[in-house]
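What you see is a predicted model; the values in this text were computed from it and never measured. Protein chains get the first letters and strands the later ones, always in sequence-line order, with residue 1 at the start of each.
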Number of protein chains: 2
Amino acid sequence: MAADETRGRDPQYLLDLLWRTQSPGTRGPRGSLSLDQVVGEAVRIADEEGIAAVSMRRIAQKLGVTTMTLYRYVPSKDDLLDLMFSMATSVPDTSDWPDDWRGVLRNWARGTRQLLLDRPWMLDIPIGAPPMGPNNLAWMEVALAALDRTALNEGDMIGVLLIISGFVLGDTRQELTMTSASARTGVSYEEWGRVYGRMMARVATDERFPTLAKVATSGIFDNENTAEDDFNENLDFLLDSVAALIRRREEERAAG
Amino acid sequence: MAADETRGRDPQYLLDLLWRTQSPGTRGPRGSLSLDQVVGEAVRIADEEGIAAVSMRRIAQKLGVTTMTLYRYVPSKDDLLDLMFSMATSVPDTSDWPDDWRGVLRNWARGTRQLLLDRPWMLDIPIGAPPMGPNNLAWMEVALAALDRTALNEGDMIGVLLIISGFVLGDTRQELTMTSASARTGVSYEEWGRVYGRMMARVATDERFPTLAKVATSGIFDNENTAEDDFNENLDFLLDSVAALIRRREEERAAG
DNA sequence: ACAGAAAGTGTACGCTGTACAGAGTTAGTG
DNA sequence: CACTAACTCTGTACAGCGTACACTTTCTGT
């Protein structure tokens, strides 16, 4: 139960916290809290007031203990953030998903995006390790199971999953930072297309940027695409690529 | 010259700072500093000691002024960070790049990755706006110019650029956070493959994760791929997809 | 009964961004 | 040349932050 002085230098340590595989140790008084209470309270604060409001003092105060008590349950704030990320992931609801790999992957990507939009603070957490929590693995399993029914090999499957999840994280992060910066920049996500087009037209007249000028004046920026439109469009491009890879593997299998 | 009370609510404001399009205002004493000095010093500190060491007090102290003086040149620390990101981008050196679009894009991606590895702090800056600085535009121009020689239309070109740059940012961020977290997790990037494989094999025996278990025991994680290997592999996958899109547009052009 | 382990407390350090009020300096105007 | 408006720069203050360290208190197995 104690977050002792090994300080998480052992990769097993976080895994043990995550899967509750620790040997509690029987001597001495029982702790008055649990890891779930600590992380749960931290998540609640993040949901309500953003990640910036999550401080050790604040969590402790809400739980009715002093600040340093928390360090009996968690080795450091960074580890707490890791745990928040893992525990804030809900289990995927696949009840109305189609069966084909493409349908699954599309729903998977959209579901992940929605998860991040619901808890924007998750993207402010630096992810120091691959997904290891039970629910994170459940998400992985869903995607891998769908890909396993295709001609892809194990390496392909992991590669595809990395590309797709990297895209979802990156795209959603972009959307969220632009939106949260709009108080400062004065421009919302939808407005950026037009604003950017005008800026480029004004600034890229320079002979150094002929192609940029051409693109800017082509009117391609003249839209009010929502973030969701852009996301779906790029997702489809990636799924097309996966389809092409699957086709290639099918041909190889037929030939070999 | 003053960073007055409009406070950057105008998207034009940052652009003006970036391109030095401001009307200086002639009355009153000249400022003893310049925007370049402020941002330059901030970049120097970030290079030497990381983004966490970049504080308004520290910059001011190094420049021999008081903290609040900086706010005559920059509306807020967030804006300063935006400016650091833009100004830390060096102009691309394309002297030994090949001519074909694929070669250009590959060099473009690797060059961008290298830039981020050299200045890891750039990825800690939330990017609230699309690239607007002169050197950022130079990078865009190079990529767009290469794509302009293919059958892609303007929308395709922007889409491809977004996908590729999103991938580079995401992949490099992953690599850097894993590396910087390894003091805490005890695992380096190269070791994560094996460690993760072992963890999955231990944890995914559960009947909830059959595919995961299968993949984990397939030995696919049993490698010591460097981050660069993984990057190049995934980049090639994306470039294949771009090639497929180009082929489709060529066929459409031939048919229509 | 008591040793020893664990849980919980209180204090201290050296930081952070920026609001605000005021003092000092300069250039254009009459 | 004096003056005023514009502008730069300073000092203080506020309300926080993560966690090292030394400590008291509480409980369990022997």
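Applying the side chain to side chain donor-acceptor pair (under 3.5 Å) criterion to A:Asp47, with sequence neighbours excluded, gives A:Arg119, A:Trp121. For B:Glu224, the salt bridge (Lys or Arg N to Asp or Glu O under 4.0 Å) partners two or more places apart in sequence, or in a different chain, are B:Arg194. For A:Asn223, the side-chain contact (heavy atoms from CB on, under 4.5 Å) partners are A:Asn225, not counting sequence neighbours. Partners of A:Ser180 under the side-chain contact (heavy atoms from CB on, under 4.5 Å) rule, at least two apart in sequence or in another chain, do not exist in this structure. A:Phe231 is linked by a ring-ring contact (aromatic ring centres under 6.0 Å, His included) to A:Phe167, counting only residues two or more places apart in sequence or in another chain.
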Working for side chain to side chain contact (heavy atoms under 4.5 Å, CB included), residues B:Met56 and B:Tyr71
CA-CA 9 Å; B:Met56 300 306 267; B:Tyr71 288 91; 3.6 Å; yes
| message | For A:Thr185 and A:Ser182: C-alpha separation, side-chain torsions, deciding distance, then whether side chain to side chain donor-acceptor pair (under 3.5 Å) applies. | response | CA-CA 5 Å; A:Thr185 59; A:Ser182 70; 5.5 Å; no
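A:Leu70 has its CG atom 13 Å from the P atom of C:dA7, to the nearest Å. Taking atom CD1 on A:Ile59 and atom P on D:dG16, their separation rounds to 15 Å, with Å as the unit. Between B:Tyr71 atom OH and D:dT10 atom C1' the separation is 15 Å, expressed in whole Å. Here C:dA7 presents its C1' atom at 15 Å from CG of A:Leu63, a figure rounded to the nearest Å. The separation between A:Gln61 atom CD and C:dT9 atom C1' is 16 Å, rounded to whole Å.
The side chain of A:Thr67 contributes no N or O atom lying less than 4.0 Å from OP1 or OP2 of D:dG18. Contact between the side-chain N/O atoms of B:Arg72 and the OP1/OP2 oxygens of D:dC9 is not found at any separation under 4.0 Å. For C:dG8, the OP1/OP2 oxygens have no side-chain nitrogen or oxygen of A:Thr69 closer than 4.0 Å.
Taking the nucleotide of DNA chain D with the nearest heavy atom to each of A:Met68 and A:Arg58, the more 5' of the two is matched to A:Arg58.
Judged by distance alone, with hydrogens and angles left aside, A:Arg57 brings a side-chain donor or acceptor within reach of the base of D:dG18, the pair sitting under 3.5 Å.
Listed in residue order, the members of residues 40-56 of chain B having a heavy atom less than 4.0 Å from DNA chain C are B:Val54, B:Ser55, B:Met56.
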Using atom names, set out every protein N or O paired with an N or O of nucleotides 27-29 of chain C below 3.5 Å, distance rounded to 0.1 Å.
unit_1, atom_1, unit_2, atom_2, d
C:dA27, O3', B:Thr26, OG1, 3.4
C:dG28, OP1, B:Thr26, OG1, 2.9

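Identified under the salt bridge (charged side-chain N to carboxylate O under 4.0 Å, His left out) test for residues 54-63 of chain A, with sequence neighbours left out: A:Glu49-A:Arg58. Under the salt bridge (charged side-chain N to carboxylate O under 4.0 Å, His left out) criterion, the residue pairs touching residues 162-181 of chain A are A:Arg113-A:Glu175, with sequence neighbours excluded.
Closest to the A:Tyr73 side chain, of the nucleotides C:dG10, C:dG8, C:dT18, is C:dG8.
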